[in-house]
**Q** 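Dumping the structure here so I can ask a few things about it.
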Amino acid sequence: MLLYNERNRQNVGRAELCAGLMSEGNLCRIETGRREPDSSTLTRLTDRLGMVFEDEGTYLFYNDYREWKRRWEIINSIENNDLSRAYELIDEYKSIYSRNVVRMQFAKVMQIQCEAKRGADKDMIAGMYGEALKYTIPDMAVKNLKHLWLSVDELNIVLEYRFYTERADSDDKCITMFEDILTYMENPRFSTSARAKIYPKTVVYMYRKLMTGRNEEEAFSSVSKNTLGKLYTYCEKALDFLRDDAVRYYLAEILEIRKVFCERGIGEYGTGKARQTQEWLEALRSLCREYGVSEYMEDCCYFYKENTVYNIGDVIHDRRTMLGITMETLAEQQWSCSSKTLRRLEHNRVNTHHDIAEELLEKLGLSAGYQRMGIITDDRRAIELHHRWKNYCNEFKYDECQKVLAELEGLLPKNIVNKQFVEWAKVNAAYGLKKVEYSEYVKALCKILEKTVKLDSLMSGGNIFLSNNEEIILYNISAKYRYNGDCENALKYILPIYNRYKDYATEDAQRNIRNYELYMPYIASLFGSMGKYEKSSEISKSVIETQLKYGRIHMIHRNLSSMAWNTYEVDGDKKAYSDNLYQCMLWSQLRKDNYFENRYKCRISQL
């Protein structure tokens with residue numbers, strides 16, 4: 001229903017949305033529930049509507065889950081420069097999914113990344129991108145995007161094809177050959193996450209075209225001020241998108257272009273911006289080199305990184321076991337699913353209809369449907385309000401949280417998951433506005449948590465699976481205990497989450513980065529407060545490495561802060577601590593985290 005509702009909300013015809021993917025009839029069958037699409041095709045359709053909400057996570061049946069893991073294996077091989085292994089995996093992937101155009105397009109793009117890393121010439125790369133285009137993208141996209149509905153990864157293929165094939169016979173052409181991509185991405189249907197993936201890269205490609213065949217001095221002495229002014233404006237927008245989404249896709253390249261503009265006096269740059277740009281660039285370079293990660297983007301694998309994905313069979317098994325529910329009991333509550341079908345589903349031997357799987361998940365107190373969110377809804381407005389509410393929470397703007405929540409509550413269907421979310425969100429805002437005392441707040445959270453899971457079952461160990469709401473509630477309980485000096489209880493309530501992620505290798509952490517980067521920095525900070533400085537710094541380093549490799553910068557300043565504190569507690573070196581806090585401040589600025597930027601400035605002034 002979400003796909004149907006969103007398509008109609010945006011007034012998009014079936015033929016426009018499914019062009020290059022399938023027939024209108026097949027899309028109609030998908031929208032009416034008469035056909036189950038594979039996850040890649042469904043994601044392509046929703047991405048074409050601008051519905052890129054990367055951080056929520058997804059439930060998949062085993063076949064689609066295995067395909068997701070195969071993608072990650074290919075991506076990891078390419079990023080680790082194990083190209084022989086990557087070619088093997090790509091060939092295997094193509095043999096399995098040869099009849100699926102979206103998946104074959106992915107395989108072709110990954111093959112191009114391998115060839116580019118091996119030094120293939122421009123003509124060969126251009127030809128391969130031309131082949132990738134033909135899988136799903138109409139020929140007219142090469143020249144005109146205006147009336148097409150494309151996903152961000154399809155736009156990337158268009159961008160690459162143009163870059164490798166089109167010649168710029170004037171300075172203005174270096175801009176205009178890509179300008180429609182930037183205009184296309186300003187359509188309000190696209191999320192910040194979608195814009196951050198393609199907009200900065202497009203600006204970098206503009207600049208590279210402009211600089212082709214001449215040095216910087218020649219370019220800036222011959223290119224018109226109007227053309228340079230356009231590029232300056234696009235560069236600033238690109239940087240804003242990256243900072244808003246806290247990612248580093250072409251961040252180093254954009255900062256380097258900005259630095260050149262500063263030095264050449266292009267745009268509204270003063271000495272303050274010039275210094276800021278240089279400091280951000282140095283902070284990025286220094287950290288990347290420390291962790292053995294290139295500061296530059298070397299491939300386009302990041303377009304295909306989908307994180308926090310779960311196999312439905314594993315989720316149902318782990319959740320059912322954690323709650324102490326037998327297969328027979330769960331099947332009795334689910335009239336359309338027998339014990340035999342449930343057993344086969346948990347052992348990955350059968351898929352079932354999505355409606356049945358969603359009912360099973362809801363019976364187990366989990367949200368289901370398009371995303372693994374803290375709410376259950378098919379309403380795009382509700383999804384967007386939920387994101388806005390989260391942003392206000394992260395900025396500690398609790399008055400705004402309450403206003404958005406009041407609107408959101410009216411859009412949500414009545415069920416246990418949504419009820420738990422609304423109750424928690426209300427209590428959280430009340431505590432933030434100092435309307436609820438600490439002890440009352442913790443009691444309320446425990447009561448809300450037990451609507452879907454018993455605390456005793458969480459503390460007993462073993463395999464567990466928690467909803468987003470349950471994890472956040474545990475985190476909030478732990479944080480309030482810690483804030484009030486009770487680190488023992490703080491650790492007790494965060495331990496179920498820590499036990500899930502503590503043994504993750506970097507590749508596992510990347511695949512689950514949404515939760516890993518949210519909870520592990522807090523756990524590192526908690527260990528530091530308990531005097532376990534080495535353990536704390538070890539966790540922080542792992543999170544930083546994972547974020548840099550994935551391309552995210554959201555929590556880097558928090559991890560650097562924990563490490564700086566741990567070192568200061570051991571050696572007492574105020575000068576070194578002040579210098580480290582200054583780096584934290586720079587990273588908080590890059591993230592547009594004004595709250596922590598001011599905290600770091602305050603700490604520095606007090607040393």
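Counting begins at 1 with the first residue of the sequence. Note that these values count all heavy atoms, side chains included, but never hydrogens, waters or copies made by symmetry. Please read all numbers here as calculations on a predicted model, not as lab measurements.
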**Q** Would a 4.5 Å heavy-atom cut-off, applied to side chains only, mark E92 and E73 as touching?
**A**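 Side-chain contact under 4.5 Å: no.
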
**Q** Once rounded to the nearest 0.5 Å, what's the spacing between atom CD of E440 and atom OH of Y431?
**A**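 One finds 11.5 Å between CD of E440 and OH of Y431.
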
**Q** Less than 6.0 Å separating the ring centroids of F106 and Y97?
**A**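 For F106 and Y97, the ring centres are not under 6.0 Å apart.
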
**Q** Step by step, work out the side chain to side chain donor-acceptor pair (under 3.5 Å) result for S537 and N566.
**A** CA-CA 7 Å; S537 293; N566 295 336; 2.9 Å; yes

**Q** Charged N to carboxylate O below 4.0 Å: is that the case for E423 and K426?
**A**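 No, E423 and K426 are not salt-bridged.
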
**Q** Around R381, counting heavy atoms of other residues, nucleotides and ligands shown, do more than 12 lie under 6.0 Å from its CZ?
**A**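 No - once you tally the heavy atoms of other residues, nucleotides and ligands closer than 6.0 Å, there are 12 at most.
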
**Q** Considering all heavy atoms of both residues, which atom of S536 and which atom of S525 are nearest to each other, and what is their separation?
**A**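 Looking at all heavy atoms of both residues, the closest pair is OG-N, 4.2 Å.
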
**Q** Taking all heavy atoms of L449 and all of L455, pick out the closest pair and write down the distance.
**A**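 Heavy-atom minimum between the residues: CD2-CD2, 3.3 Å.
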
**Q** Does the side chain of I356 come within less than 4.5 Å of L345's, by heavy atoms?
**A**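 No, too far: nothing below the 4.5 Å cut-off.
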
**Q** Verify the neighbour count for atom CZ of R99: are there more than 12 heavy atoms of other residues, nucleotides or ligands below 6.0 Å?
**A**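 Counting other residues, nucleotides and ligands, CZ of R99 stays at 12 neighbours or fewer.
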
**Q** Which atom pair, heavy atoms only, marks the closest approach of R248 to V293?
**A**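 So the two residues come closest at NH2-CG1, 3.1 Å.
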
**Q** Look at E400 together with R388 and state whether they make a salt bridge at an N to O cut-off of under 4.0 Å.
**A**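 No, this pair does not count.
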
**Q** One thing to verify: whether D64 and R71 come together as a salt bridge, which I'm taking to mean a side-chain N less than 4.0 angstrom from a carboxylate O.
**A**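 No, R71 and D64 are not salt-bridged.
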
**Q** Hey, what's the ring geometry for Y595 with F396, parallel, tilted or perpendicular (30° and 60° as the breaks)?
**A**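 Ring orientation of Y595 relative to F396: tilted.
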
**Q** Could you check if a side-chain atom of I74 sits within less than 4.5 angstrom of a side-chain atom of Y304, using non-hydrogen atoms only?
**A**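 Of all side-chain heavy-atom pairs linking Y304 with I74, none is under 4.5 Å.
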
**Q** Assess whether a salt bridge exists between K454 and D456, defined as any Lys/Arg side-chain N lying under 4.0 Å from an Asp/Glu carboxylate O.
**A**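 Salt bridge absent between K454 and D456.
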
**Q** Side chains of M110 and I75: closer than 4.5 Å at any heavy-atom pair?
**A**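 Yes, their side chains come closer than 4.5 Å.
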
**Q** Check the orientation of Y504 and Y501. Use parallel for under 30°, tilted for 30 to 60°, and perpendicular for over 60°.
**A**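 Plane angle over 60°, so perpendicular.
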
**Q** Are R44 and E154 side-chain neighbours, meaning at least one heavy-atom pair lies under 4.5 Å?
**A**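 Yes - at least one pair of side-chain heavy atoms lies under 4.5 Å apart.
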
**Q** Do Y392 and W389 have their ring centres less than 6.0 Å from each other?
**A**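 They do not qualify: ring centres at least 6.0 Å apart.
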
**Q** Does any N or O in the side chain of N80 come within less than 3.5 Å of the main-chain N or O of N76, such that one atom is a donor and the other an acceptor?
**A**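 Yes; judged by distance alone, with no hydrogens or angles, the pair exists.
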
**Q** Is the shortest heavy-atom distance from the side chain of N307 to the side chain of R511 under 4.5 Å?
**A**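 Sidechains of R511 and N307: no contact.
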
**Q** Is any NZ, NE, NH1 or NH2 atom of the basic residue among E328 and R343 found under 4.0 Å from an Asp or Glu carboxylate oxygen of the other?
**A**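 Yes.
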
**Q** Salt-bridged, D153 to K197, with N to O below 4.0 Å?
**A**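 No salt bridge links D153 with K197.
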
**Q** Considering only NZ, NE, NH1 and NH2 on the basic side and carboxylate oxygens on the acidic side, decide whether D38 and R103 come within less than 4.0 Å.
**A**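 A salt bridge is present here (some side-chain N lies under 4.0 Å from a carboxylate O).
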
**Q** Could you tell me whether Y516 and Y550 have their ring centroids closer than 6.0 angstrom?
**A**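 Y516 vs Y550: aromatic centres not under 6.0 Å.
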
**Q** Is the Y481 ring parallel, tilted or perpendicular to the Y438 ring (thresholds 30°, 60°)?
**A**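 If you compare the ring of Y481 with that of Y438, the planes turn out perpendicular.
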
**Q** Take atom CD of E450 as the centre, draw a 6.0 Å sphere, and report whether it contains more than 12 heavy atoms from other residues, nucleotides or ligands.
**A**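 It does: E450 CD has more than 12 such atoms within range.
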
**Q** Whether the side chain of S151 engages the backbone of R48 through a donor-acceptor N/O pair (distance < 3.5 Å, no angle test) should be reported.
**A**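 Flag not set: sc S151 to bb R48 has no pair under 3.5 Å.
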
**Q** Using a 3.5 Å distance criterion without hydrogens, assess whether the side chain of E407 forms a donor-acceptor pair with backbone atoms of K403.
**A**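 Side chain of E407 to backbone of K403, a donor-acceptor pair under 3.5 Å: no, none is there.
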
**Q** Using side-chain heavy atoms (C-beta onward) and a distance below 4.5 Å, is K535 in contact with M530?
**A**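 Side-chain contact under 4.5 Å: no.
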
**Q** With side chain to side chain contact (heavy atoms under 4.5 Å, CB included) as the test, pick out the partner of E31 among L3, L45, N8.
**A**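 Result: among L3, L45, N8, L3 is the only option passing the side chain to side chain contact (heavy atoms under 4.5 Å, CB included) with E31.
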
